[in-house]
Amino acid sequence: MDSIVVTGNGPLHGQIPIAGAKNACLTLMPATLLSEEPLTLTNAPRLSDIRTMSTLLESLGAEVAQMQGGQVLTLSSHSITNHRADYDIVRKMRASILVLGPMLARDGHAVVSLPGGCAIGARPVDLHLKALEAMGAELDLRDGYVHARAPGGLRGGRVAFPMVSVGATENALMAATLARGTTVIDNAAREPEIVDLAQCLRKMGAQIEGEGTHTITIEGVDRLGGATHAVVPDRIELGTYMLAPAICGGEVTCLGGRIDLLAAFCEKLDEAGIDVTETEAGLTVARRNGRVRAVDVVTAPFPGFPTDLQAQMMALMCTAQGTSVLEERIFENRFMHAPELMRMGAQIDVQGGTATVTGVETLKGAPVMATDLRASVSLILAGLAAEGETIVNRVYHLDRGYESVEEKLRGVGARIERITGQ
Ligand code: UD1
């Protein structure tokens, strides 16, 4: 298994290009199952999760053609030849559940394994299933699979989510585009990836209103056509690289970055004493005056502070002046990076869903273990700021969500290398 070696090397300067959003692409790709005509996605990120989704869609009968080294994907699902998404593929990635709504909406039946994914909590799929039931689906859970049927086709319904779920909103939205009649999704997720999906579906001929608000209304249509769509920039990759100059000092421009994708996060950086400037090129981030200030963070659905940036923000707070309290409200068990950061000299006290971080002047390089995708990159960020060498072991999660991480960081002056394992 590969490791990454990082050596603290002082302030960073230069530009980092931001890729298309993994999480948007993973929901746009299954939208191919809704139409006989091709869907072309530009600005796709080159990540192992995207390859996993391609393999899954191919197993269902879709054709996936890659151009420009994988930055352009053309997906064609002339017909769905297999309606069973197997455990062997689904267990690798939780977003696989997103094929359920589209298959059911198009052909009235689907069998999908219950998913796996990052080990950051129980992460059930009950909300996905309740949404489809509200549209008339008959569901049966057996042998670790969801067996779904809608013999006369799905019909419009009222989907009222008791809590905000990004994936369940996406599944419901896709399914509703081909359901008979009107579907109203209440307490919908408002993430930029949902807006991106709705915009793409509209290009395919779907009738959708209200994306980006709490209530999305969909008028079902008989069929959807093809479309070409550019994937929205990855706000989590953006936030991660914005933290690199924040933690090491220097000035870095994240090309393609936009404040509207990360307003709550940018406010916290401002509070911490980091300058963020929006220009035509992207977001320029600079730390000029000594140590950052400690700030408190509570994760929340969009437009709140993203849970997917909590681990990276904790890495910054480890060297801040003062004490910060980070509350994780989306996923239980999402502080697995804390003991690893403590191996580097961080002072962190975790009690349930709250971590209290007392900033230290410097972190010290150490061998550490990556436990999930965002934890992996938080350890790299900490390593960039530490004295000496940090070896991040088991980095396979990193390749699920970050394209060319070593090249991008080396481009701004970081000392980072990959050691390829057996
Ligand atoms: C998506 C993102 C993930 C991000 C998360 C929250 C993708 C591929 N992944 O994950 O990176 O961390 O949003 O921003 O887009 N829940 C239930 N029942 C369900 C579904 C969810 O109880 O049926 C709970 C989850 O356990 C969690 C909360 O709802 O506590 C939010 O999860 P959700 O928004 O669904 O996350 P994902 O879509 O899985």
Side-chain angles (χ1 to χ4, degrees), residues 20-31 44-45 47-50 52-53 56 90 92-101 112 114-134 137 139 141 146 159-175 185 187-197 231-232 234-240 261-262 264-265 298-313 327-337 353 372-378 397-398 400-402:
K22 167 180 87 76
N23 287 350
C25 202
L26 288 176
T27 185
L28 290 162
M29 292 172 76
L47 302 168
S48 66
D49 267 9
I50 301 300
T52 304
M53 182 57 87
L56 173 59
V90 174
K92 293 187 185 151
M93 190 181 64
R94 184 180 158 76
S96 307
I97 191 76
L98 295 172
V99 301
L100 177 61
V112 177
L114 291 164
C118 275
I120 54 171
R123 304 186 80 176
V125 292
D126 54 318
L127 301 175
H128 298 245
L129 305 184
K130 287 209 173 76
L132 296 172
E133 274 177 336
L139 305 176
L141 295 188
V146 183
V159 178
F161 286 121
M163 64 192 283
V164 175
S165 162
V166 175
T169 302
E170 292 166 346
N171 235 335
L173 175 56
M174 286 192 278
I185 305 176
N187 201 18
R190 293 180 284 163
E191 271 65 3
E193 293 75 25
I194 305 275
V195 174
D196 205 38
L197 173 63
V231 180
V232 68
D234 195 316
R235 65 198 165 96
I236 306 303
E237 189 196 29
L238 170 64
T240 301
L261 297 172
L262 274 180
F265 172 78
V298 180
T299 64
F302 191 85
F305 191 100
T307 172
D308 285 351
L309 285 172
Q310 178 260 108
Q312 301 90 311
M313 190 68 176
E327 264 182 71
E328 175 54 58
R329 297 261 183 96
I330 308 293
F331 295 112
E332 78 268 32
N333 199 18
R334 206 177 194 180
F335 286 134
M336 285 173 300
H337 41 284
D372 68 53
L373 170 55
R374 308 303 172 186
S376 319
V377 83
S378 78
H397 282 294
L398 192 70
R400 295 182 45 203
Y402 289 90

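Both ligands and their constituent atoms are indexed starting at 1 by order of listing.
- In terms of modelled atom types and a separation under 3.5 Å, the side chain of Glu332 and the main chain of Glu328 share no donor-acceptor contact.
- Of the options Thr27, Leu127, Asn23, the smallest heavy-atom separation from atom 8 (C) of ligand 1 is shown by Asn23.
- Panel note: side chain Thr27, backbone Glu170; no donor-acceptor pair is recorded below 3.5 Å.
- Formation of a donor-acceptor pair under 3.5 Å by the Asp49 side chain with backbone atoms of Met93 is not found in this model.
- Considering only heavy atoms from C-beta on, Glu193 stays 4.5 Å or farther from Phe302 through its side chain.
- Contacts with ligand 1 closer than 4.0 Å are made by heavy atoms of both the backbone and the side chain of Ile330.
- Interface atoms of ligand 1 facing Gly167, defined by a heavy-atom separation under 4.0 Å, are 35 (O), 38 (O).
- Residue Thr307 touches ligand 1 through its side chain alone, judged by heavy-atom distances below 4.0 Å.
- Applying the 4.0 Å criterion to heavy atoms of His128 picks out, from ligand 1, the atoms 23 (O).
- Using a 4.5 Å cut-off on side-chain heavy atoms (C-beta onward), Leu197 and Leu173 make contact.
- The shortest side-chain heavy-atom distance between Pro30 and Leu100 does not fall under the 4.5 Å cut-off.
- Of the options Pro124, Ser165, Ala21, Ser96, the smallest heavy-atom separation from atom 19 (C) of ligand 1 is shown by Pro124.
- Side-chain atoms of Asn171 never come within 3.5 Å of backbone atoms of His128 as a donor-acceptor pair (strictly under, hydrogens ignored).
- One option in Ile236, Asn171, Asp126 has a heavy atom closer to atom 18 (N) of ligand 1 than any other, and that option is Asp126.
- Atoms of ligand 1 lying under 4.0 Å from any heavy atom of Arg94, numbered from 1 in the order shown and given with element: 20 (C), 39 (O).
- Only the side chain of Met163 comes within 4.0 Å of ligand 1, judged by heavy-atom distances.
- Within the 3.5 Å criterion, the main-chain N or O of Pro192 finds no donor-acceptor partner in the side chain of Arg235.
- The proximity of Glu193 to ligand 1, defined as any non-hydrogen pair under 4.0 Å, does not occur for either the backbone or the side chain.
- Per-residue contacts place Asp308 under 4.0 angstrom from the following atoms of ligand 1 (heavy atoms of the residue considered): 3 (C), 4 (C), 11 (O), 12 (O).
- For Val166, heavy-atom contacts with ligand 1 shorter than 4.0 Å involve the backbone as well as the side chain.
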